Amino acid sequence: MKLYEKYPIHLSNSLSGEKEKFETIVPGFVGMYVCGPTVYNYVHLGNVRTFLTFDILSRYFRFLGYKVRYVRNITDVGHLEGDVDEGEDKIGKKAQLEQLEPMEIVKRYTEDFHTVTRQFNILPPSIEPSATGHIVEQINITKKLIDLGLAYEVNGSVYFDVKKYNQSHHYGILSGRNIEDLMESGRDLDSQDEKREKIDFALWKKASPQHIMRWPSPWGEGFPGWHIECTVMSTKYLGETFDLHGGGMDLKFPHHECEIAQATGANGKSPVKYWIHSNMLTVNGQKMSKSSGNSFLPSELFSGSHALLQKGYSPMTVRFFMLQSHYSSTLDFSNEALIAAEKGYKKLSNALTLVKALSHSGNSTINTEAEKNLSDLIDQCYQTMSDDFNTAKTLAVLFEMASQINTWVSQKELLNEVNAEGFKKFKATYISFMEEALGLKEEKSVNNNLLDGTINVLIELRKKVRMDKNFALSDKIRDDLKGIGIQLKDGKDGEMSYEIEQ
RNA sequence: GGUCUCGUGGCCGAGUGGCUAGGCAGAGCUCUGCAAAAGCUCCUACAGCGGUUCGAAUCCGCUCGAGACCUCCA
């Protein structure tokens, strides 16, 4: 029996608004697509939350034995700024501002994105396609939609006919929006003459003479619209219907709604079985975003060099902080919360180091209650993660396990109350849930043999001094090390360990 | 204005009809030469009002408050 059969996943589907049992289209295989970044600027912490959410999903799918194809795109063209008709392409605009080739912009910020994901231990997707690499496919699907009567061309631009689509399908199925409301409300903009209705959206835009990024098409030189790239790249690599589509809550409308319309219109079937939206990171209750000026960069977070930050925080602290809340809730950023997370994470990380070094003697006088307790904790790890990826609850279980580990370390004899096999399973579960399922690594504050050796010399020296009951000198060594950020910890049996503080 | 989400103890945050969330902070105790770490114990809340129910933080209604989306945003 596969783990995913033993612990079936239930997840909240934005499409139905309900928590549903997760059943893949092809047994044992998960196809998932996540809207990646538009690489026109550095990614900020809010962006990170989304990619972390889907990192957890893909990790846990694999953890349970699914084979996963995870596609996450890079938007390097077509994402417009402002109104669609006069909007400028974000990449092109940035290129003009910085006096760079568009591909230089793309390269720079793609690299930054990859660096950041690596720092947060966010694993790379299976495929990372880019919009500019799929121009042909985008033109093809646009042609197809015109042929089907669901799109129309005006002055070298092509728009999706939402009203027409809505006659046979339901535009607004994902976001719960009503097409009449959409046509009436919203702003009246002078330059929307081209479109038949203001809710129509661009599949292809004619390039103005000064526009840098342009490709030939049946409608003249231009560039693709934003929504079409995701439709093309998701269905190309995952099929016309695939299991799961993710993205930030703010993409639900219009981006994902448009994706559904395009794909359903072109292929005659709904493209995605489960839609998952991760919620926003807020600062003082306001959504973190570049435009509101309350965003900060991961590098500022690590160094603490931002007005909103009291100090720097490590990537794993932040990862832990984010996992303490459910992905579907907004999460408010604050220094207090980060400091609390830093300490909490340290506890789990210490237990991870300790349990790795812990081994069972082989002898045991079984205490059935203790054994049951262990297997229950193991079971709860899976249950909580399978329940809509409830990382907050899983962490609570891991904290219980950490306490158990600490107890064993200080009272070795209690380890004999459980059998060696049970302990082995417990140990493996703690380590694998921490490192694989949740991606929480030990933060090795020292990876420097020279420093490690030096501290160990001091530790040996202090041991000797302590045995001679020269506590004044013993305390001086400890205090002086503490002064430069090295905390010594005296064990019961005279052993000493140390920890580097940030 | 429309669509939707949320309001949990000093703080952060799970939970969704009866059963301890958890972390951080705070108080006490144990261990320890003293610290640190660790363990144990305490602090037990669900915006307000009304309703459904044997029973509601959890369901329904209203009020108040906060936020998101409707325009680029993860």
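Both backbone and side-chain heavy atoms feed into the values below; hydrogens, waters and symmetry mates do not. Below, read A as the first sequence line, B as the second, and so on, with proteins coming before strands; counting in each chain starts at 1. For clarity, every value in this text was computed on a predicted model and none was experimentally measured.
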**Complete:** In RNA chain B, consecutive runs of at least three Watson-Crick or G-U pairs below 3.5 Å, as range with range, amount to B:1-7 with B:64-70, B:10-12 with B:22-24, B:26-30 with B:38-42, B:47-51 with B:59-63
**A:Lys311: which of A:Glu300, A:Glu336, A:Glu342 passes salt bridge (charged side-chain N to carboxylate O under 4.0 Å, His left out)** =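 Only one option passes, and that is A:Glu342.
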Establish, yes or no, whether a centroid distance under 6.0 Å links the rings of [X] and [Y].
{"X": "A:His256", "Y": "A:His227", "answer": "no"}
{"X": "A:Phe22", "Y": "A:Tyr274", "answer": "yes"}
{"X": "A:Tyr40", "Y": "A:Tyr109", "answer": "no"}
{"X": "A:Tyr70", "Y": "A:Tyr237", "answer": "no"}
{"X": "A:Phe160", "Y": "A:Trp204", "answer": "no"}

Every protein N/O within reach of nucleotides 37-41 of chain B N/O, cut-off under 3.5 Å:
unit_1	atom_1	unit_2	atom_2	d
B:A38	O3'	A:Asn406	ND2	3.1
B:G39	OP1	A:Ser403	OG	3.1
B:G39	OP1	A:Asn406	ND2	3.4

Side chains of residues 343-350 of chain A: which donor-acceptor partners sit under 3.5 Å, not counting sequence neighbours?
unit_1	atom_1	unit_2	atom_2	d
A:Tyr345	OH	A:Lys441	O	2.1
A:Lys346	NZ	A:Glu499	OE2	2.9

**Asked** Which nucleotide, B:A74, B:C34, B:C72, lies nearest any side-chain atom of A:Phe51?
**Response** B:A74
Using a cut-off of under 3.5 Å, enumerate the N/O to N/O pairs linking the protein to nucleotides 25-30 of chain B.
unit_1	atom_1	unit_2	atom_2	d
B:A25	OP1	A:Lys343	NZ	3.1

**Prompt:** Stepwise, does the ring pair (Phe, Tyr, Trp, His ring centres under 6.0 Å) test hold for A:Phe296 with A:Phe333?
**Reply:** CA-CA 11 Å; A:Phe296 42 79; A:Phe333 173 90; 4.9 Å; yes
**Prompt:** Looking at residues 471-481 of chain A, who's got a heavy atom less than 4.0 Å off RNA chain B?
**Reply:**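 Residues of residues 471-481 of chain A under 4.0 Å from RNA chain B: A:Phe471, A:Ser474, A:Asp475, A:Arg478.
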**Contact summary for A:Ser12 and A:Ile276, nearest pair of heavy atoms** =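 So the two residues come closest at O-CD1, 3.2 Å.
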**Message:** Can you give me the closest heavy-atom contact between A:Tyr171 and A:Asn166, atom names plus distance?
**Reply:**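 Taking every non-hydrogen atom into account, N-ND2, 2.7 Å.
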**Request:** Show the numbers, then the answer: is there a salt bridge (charged side-chain N to carboxylate O under 4.0 Å, His left out) between A:Lys93 and A:Asp89?
**Result:** CA-CA 6 Å; A:Lys93 184 180 178 187; A:Asp89 181 273; over 6 Å; no
**Prompt:** With a distance cut-off below 6.0 Å to the six-membered ring centre and an angular limit of 45° from the axis, does A:Arg72 pair with A:Phe51 as a cation-pi contact?
**Reply:** yes
**Asked** Does the cation-pi check pass for A:Arg196 over A:Tyr159, that is, NZ or CZ under 6.0 Å from the six-membered ring centre and within 45° of its axis?
**Response** no
**ring pair (Phe, Tyr, Trp, His ring centres under 6.0 Å) between A:Tyr33 and A:Phe54, intermediate numbers included** = CA-CA 9 Å; A:Tyr33 183 89; A:Phe54 295 102; over 10 Å; no
**Asked** When rounded to the nearest Å, what value does the distance between C1' atoms of B:C42 and B:C49 take?
**Response**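 The same atom, C1', in both gives a distance of 34 Å.
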**Item:** nucleotides 4-18 of chain B: protein proximity per nucleotide (B base, S sugar-phosphate only, - neither; heavy atom, under 4.0 Å)
**Value:** --------SSSS---
**Message:** Please determine whether a side-chain nitrogen or oxygen atom of A:Lys287 lies at a distance below 4.0 Å from atom OP1 or OP2 of B:C69.
**Reply:**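 Yes, such a contact exists.
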